[in-house]
Each structure stands twice: as structure tokens, then as C-alpha cells.
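If you read the sequence from its start, that first residue is 1, and numbering goes on from there.
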Amino acid sequence: MALPPTYDFLRVSYTTSLANIEKGLSRLENFANRWRSNILAASPAAAGRASVLDCAPSMRRALSPWPVDVRAYHAADMHAPRNRGGLFVRSKIAERFSRAARSCLRLTASFGVLSSVWCPVLLQAAAQVREQPVTFNRDIAPIVFKQCSPCHRPGQSGPFSLLTYAEAAKHAKEIADVTAKHTMPPWLLEPGYGEFKEERRLTGDEIQLLKKWLTDGAVEGNAADLPPAPKWSEGWQLGEPDLILKIPEAFTLPEAGRDVWRTFVIPAPLPATRFVRAMEFRPGNKAVHHAAMRLDRTPQARLRDASDPGPGFGGITPPDTARPPAGHVLNWLPGRTAYKSPEGMTWPFEKGADFLVQLHMQTSGRAETIQPTVGFYFTDRPPTNHLFVFPLMVRTIDIPAGATNYHVHDSYKLPVDVRVFWINPHAHYLAKEMKGYARLPDGTQKWLFVIKNWDFNWQGDYSYREPLALPKGTEIFMDYSFDNSDANPHNPTKPARRVQFGQQSTDEMAELWIQVLTRDRKELAMLERDFQGKLLAEMTAYYTYCLRLNPGDAHAECRLGFTKLSLGQRAEAIAHLQRAVELDPHADEPHLHLGMIRLQQERYELAQAELEAALRNNPNNYLAEGNLGLLHMNQGHLLEAEAHLRATLRLNPLDQTAQENLQTVLNAIESVRRQSK
């Protein structure tokens, strides 16, 4: 078994101590040999006392050589890694020396001279092993290189580098403090509540070792003990990508102020749809705290970008049309490696789709130039398995000012067997403790995760080391608590104020996103349909709640009307949509939905009036154009239909329904022309 430098040091220390003790052991054995015959000759009854003279061989066996025991201790460490730095081994060696000394004291009590010579030797050896000062080269560098250097190195997100003794010693107190508080490394999940990939967590003994290094004077140690510095690829982690996308225009982050959220739209020049097997995000600047990536198959993100001065557009919420690939979530956090799609679960990057990069950026005291790049690795193999991502969430959050323990809950019962691959707990600044668990049909509880101290600045998503199997009938729960008091150091508003659900970071959210795999496509469809029912029920409850708080909320009336329409409650939907038009005559969405309802009823005059009103309020509403094209097509107005459908495709070239309808119209026009000849 190959041993790390720390264990090599202990081997030397242990071997040296044994060499010093060897003299005492030899002296004890010589003494035993001289006195054995005299004691036995004096009295056969003294034979029992003579057995004490065999203590030297016994102790030699007790202090067996290094290759047996310390390697065993190291193996135990590797099996349950909780004692990095050799503290466990060191304490075991010291314990054995001390035990041998006590044994010697008991066995040789009648031979004072032996006790007075032998026991101090053992006890001194025990103290020597236990009290070796912690050094950077031997004890601390292995921890820092593995756990800290992915972020704390040049060009990465850490505010300073920790690759050398001088750099680490300068921040020794800070390192000891933040690791003792478990704020570094940034890993929010509690141990013992699920096993995850890429865990960034220090053991208790590693934390104590960092503290002892500080109290021992932050010693550098022997240069020969320093392990090789970690190496990172200067290029792409998986080799040259098949496609590299870059934000078209660099964004300048101001030197000071609050965190900035901004979304950038990158057109993708794909001649055909490709399947992505891996993706690597490169921030290019340590001011980038984390990133979320989506695809938009419509022009909506581009139009929003055009309406916002400067590169990209602001806000924490992109357009509804911007979504991650079905079943996948594309996020990046500092230190994260390239994202690889699970086997058989590639995702399609559609021809014509825009790639969106939403960045959370932190000011650094100077202006920063931000222009990330993203590399994509393609395969010709389409996915053979299809993942599904769904949220548990609470939208009726309403936290009074000063509340210290405000709770929200949600749950969902699975209609099919699933395997859970990934979770993403999400909230804003006021969340405190967050829990997710599953209750199986037999009553057994399985933990999904626990976060005892949420930090919005270090939110992340987590993949299980092994997928978590949950059978049909399992109910999944989320339970979050919030602290909206002035005592909460994360509270962005002082003094505290009432906080409700919303998309801005100063509002609040409570979500648990879950990625699962079903056994087959049939069960995936069952899950999608079943969860759609839960989602519509939640939307109905939420927008009804919004209207109780504010009966003049035009957006809530419109969304409630759309939800009722999705539930097949047409009369109620029309009433809510008409009320939305009354409250906000300049909104396009309620006119659009009313027009679509009238079109389904074949009340073409009313439908045309509503759809044209939607276009007046928003000339970029491609759905209104498309439905006007369908309306004229149904009435046989072929030239008008052609004009509206072509306008639809100018706004959204990926609108497949418009493409099919246009082809139908063109075929009809050609048929009329042939007949007229």
C-alpha cells in the first residue's frame, strides 16, 4: 500500500521511537535472564512471579513493527476518511506506547529500578509522537491542494491563491476561522443525508488540523514532505470542443455595488440539430459566481436583449420560452468540471436555437470584463433514455417582518417507479434550514438532503453518487424555514420588511427541483401527465391567492384565465381573461388567449378582433400572427393566411405549426392556380 507523506513521517517517527526503546527492551531481557534461575532456585512457588520477567517479549509483540499496524490504521482511514493528516494514526501510536508503559509499571512493580528506567522511555516516546507540530508541507498542503486549490488559484473565483506556503501562511487565521464555521469549502449539504458526487467537505479532523497548524505557529516544515502541486489542464478539459460559443459582446461589471444578474444571448450557427454528450463552461473571470444555461427556440430572448441597453439583459428571470434541455439542468459553479450527460441521456441542441447564459456576478473593487465561453462535445447517438425534471414549490410565501422561523411545505406522490439522479434546492436570502425526504409506501423514510445553514451566495445543484431508487407510491416532501429578522446576517433589507414570493432576489422562493429517470417512455408520459395536474392545481391556488391580496392584479387574472383554460374550464377562463383586459387594455397576452378561444369556437370575427388587438399591443407576438394565419386559412383567405404565417416564421423560424400551415396554404394556392389555367 502506497502511503502519503504524512504517514511516511509517522513511520520514521515510530521507527525512531522503537529504536530508542530497543535499548530498554534489551536491558529488560538481560535482567530477566539473570534473575530467572535465581528466583526459580529459591522457591518453586516463585514461578508465578517469574512470569513478569516475560514482559519484554510481550511488549515487543505489543509494539509490533510499522508495516503491520500503521498500514492497517491507514487502511481504516481510507475506508472511513475522517482523520486526514495522520491524527488518527498518531493518536493510536501514542496510545500503544502509553499502554505499554502502564503494562510495564504493573508487571514490574516489584522491580523498581526497571519501572523507573523503562516507563519514562515509553511515555516520552508517546509524547514525542503525539506532540509533533503540524506543518504546511507535511499536513496542510494535502488538504489545501485537494479541497481549496480548484478555486483558490490564479484566474479562478477564489479571492486569493493558496498554492504555496507563503500564500497559505498569510491567510492561516482566516483559513482556520472559515473552515471551523463550515463556510469553506462552500458545501451546504449536511453529511449523513445522502451521498453526492464532487463533495467539497472537510472532515472534523481536517478542520482541527488546520486549527492546530495556526496554533503551532503556521510552520512550513521540511521541504521534502511537500507533495507535488496539483496540475490543471490549461486547455479544455475534454480536448478541443466540436463547437465553441462566446458571448458576442463583453460586459463590463462595475467596480462596486450589489451582485449583478444578467442574461446573455448567443446565436448558435448549427446547420442541423446535434446531440450533446458533454459541455464545459469557462467563466474567464473570477467575478463570475455561478451560471445557469438555457436554450430559447423562439426570438423572445433576442427581443428582450434588444430592448435592454448594453450586452444582454438584466433581471433574475429570463423569458418563459428560455428553458434548459428537457430533463437536464445546465449549471456551473466554481471548481466544477465539465458536465457529462449520463450514459444514454444526451440532449438535443436544436438548429436555430439560441443559447442563453445567465450569470451571477460579484463586484471586486475594480471594473471587470466578462465574456465567458462554452464548449460543446457532440455525438451522433440520440438519447435512449429520457430524464424528467420537476419541482416541489410554494408560491404563497408571505413572511412577516421579524419572523424567525417561518415554515413552508410541499409534497408529491409518485405515480411510477423512478430513480433520482440530481436535486437543486433553491431559495433566496432569508432561507435558513432546508430539508428534502421521501416516505416510501411501507412508511420507510429516505433523506434526499439536509441544509442547516442556507447561503444564497453558494447555492448549487447536487448529483447523487448512485441514483436513489423510489418506488411508485412514494411521497416526496420539502420543508423549508426562513428567518426574516434583523438578526439574520443574510437579510438584504434592514430593518426587516414583509417579504412575499417573487422573482427578484429581494423577494423569496422555495423550490426543490428533482431529476428522475423512469423505467420506460410509457411511464415517463404517465409521470408528465400526472405532474401537470399538480402544477395546474398549484397555479390555480397561487393566482387565486394573488387576487385576494390585490383584486386589481391584471397579470394574475390573465394567468388564472390561462390555467382555467388548461383545465378545460372555458367559461371561467373567458371571465378572467376579459377582466384582465379591463384592468390592462395594453397587455397582449389576455387578447391572445381570448382570440384562441374564439378561434376554437369558430367565432372568427371575435377571434380576429382579439388577435389583432394582441398584435397592436405587441408586434412581436408570433403566436398572434400564427393564429391569424390559421384563422384566414380556415376561412379560405389564402393570401392573408400566407402573409401572417410568413410573418410568424420571421419572428420565430422554429414554429413548426406555422411551417406546416404555410405549406398547406402554399399547396392550396398552387392548386387554385393550376385550376385557373
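More than 12 heavy atoms of other shown residues, nucleotides or ligands fall within 6.0 angstrom of atom CG in Asn405. Applying the 6.0 Å contact sphere to NZ of Lys494 captures more than 12 heavy atoms from other residues, nucleotides or ligands. Within 6.0 Å of the NZ atom in Lys211, the count of heavy atoms belonging to other residues, nucleotides or ligands does not exceed 12. Surrounding CD of Glu466 are at most 12 heavy atoms belonging to other residues, nucleotides or ligands under 6.0 Å away. Atom CZ of Arg465 has more than 12 heavy atoms from other residues, nucleotides or ligands within 6.0 Å.
Looking at Trp513 and Trp422, their side chains come closer than 4.5 Å, going by heavy atoms from C-beta outward. Two residues are said to be in side-chain contact when any heavy atoms from C-beta on lie closer than 4.5 Å; Leu414 and Pro471 fail this criterion. You'll find the side chain of Tyr339 reaches within 4.5 Å of the side chain of His328, heavy atoms only. Under the 4.5 Å side-chain criterion, counting only non-hydrogen atoms from C-beta, Phe449 is in contact with Leu512. Taking 4.5 Å as the limit, some side-chain heavy atom of Lys446 sits within range of a side-chain heavy atom of Leu470. Looking only at side-chain heavy atoms (C-beta outward), Trp213 and Asp139 stay at 4.5 Å or farther from each other. When side chains are defined from C-beta on, Val357 counts as touching Phe281, because their heavy atoms get closer than 4.5 Å. Side-chain contact between Lys340 and Tyr377 is absent, with no heavy-atom pair separated by less than 4.5 Å.
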Inset, instruction - Would you sort out whether Asp479 and His407 count as a side-chain hydrogen bond (donor to acceptor under 3.5 Å, both in side chains), showing the intermediate values? - result: CA-CA 7 Å; Asp479 181 351; His407 274 262; 3.1 Å; yes

Inset, instruction - List the steps and the verdict of side-chain contact (heavy atoms from CB on, under 4.5 Å) for Val134 and Ile140. - result: CA-CA 8 Å; Val134 175; Ile140 303 303; 3.8 Å; yes

Inset, instruction - For side-chain contact (heavy atoms from CB on, under 4.5 Å), just list the numbers for Val260 and Leu253, CA-CA rounded to whole Å, side-chain angles, deciding distance to a tenth of an Å, and then say yes or no. - result: CA-CA 8 Å; Val260 175; Leu253 181 69; 3.6 Å; yes

Inset, instruction - With side-chain hydrogen bond (donor to acceptor under 3.5 Å, both in side chains) as the test, would you mind laying out the steps for Asp442 and Thr444 before giving the verdict? - result: CA-CA 6 Å; Asp442 63 3; Thr444 303; 2.9 Å; yes

Inset, instruction - Give the intermediate values and the outcome of ring-ring contact (aromatic ring centres under 6.0 Å, His included) for residues His428 and Phe456. - result: CA-CA 6 Å; His428 293 173; Phe456 179 61; 5.4 Å; yes

Legend entry - Verdict with reasoning, Trp261 to His290, per ring-ring contact (aromatic ring centres under 6.0 Å, His included): CA-CA 10 Å; Trp261 294 78; His290 75 264; 5.4 Å; yes

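Atom OH of Tyr437 sits about 13.5 Å away from atom OG1 of Thr474, to the nearest 0.5 Å. Remark: Arg262 CZ to Ile247 CD1 distance equals 10.5 Å, nearest 0.5 Å. Residue Lys534 holds its NZ atom at 6.0 Å from OG of Ser411, rounded to the nearest 0.5 Å. Expressed to the nearest 0.5 Å, how far CG of Asn385 lies from OG1 of Thr346 amounts to 10.0 Å.
Between the side chain of Thr363 and the backbone N or O of Gly257, at least one donor-acceptor pair lies under 3.5 Å. Checking side-chain atoms of Thr506 against main-chain N and O of Pro492 turns up no donor-acceptor pair under 3.5 Å.
The pair Lys173-Asp177 meets the salt-bridge criterion, since a charged nitrogen lies less than 4.0 angstrom from a carboxylate oxygen. Electrostatic pairing of Glu198 and Arg200 does not count as a salt bridge here, judged by no charged N lying under 4.0 Å from a carboxylate O. Looking at Asp483 and Lys432, no side-chain N of the basic residue comes within less than 4.0 Å of a carboxylate O on the acidic one, giving no salt bridge.
Tyr462 and Trp187 have their aromatic ring centers within a separation under 6.0 angstrom.
Classified by interplanar angle (parallel below 30°, tilted 30° to 60°, perpendicular above 60°), the ring pair His426/Trp454 is perpendicular.
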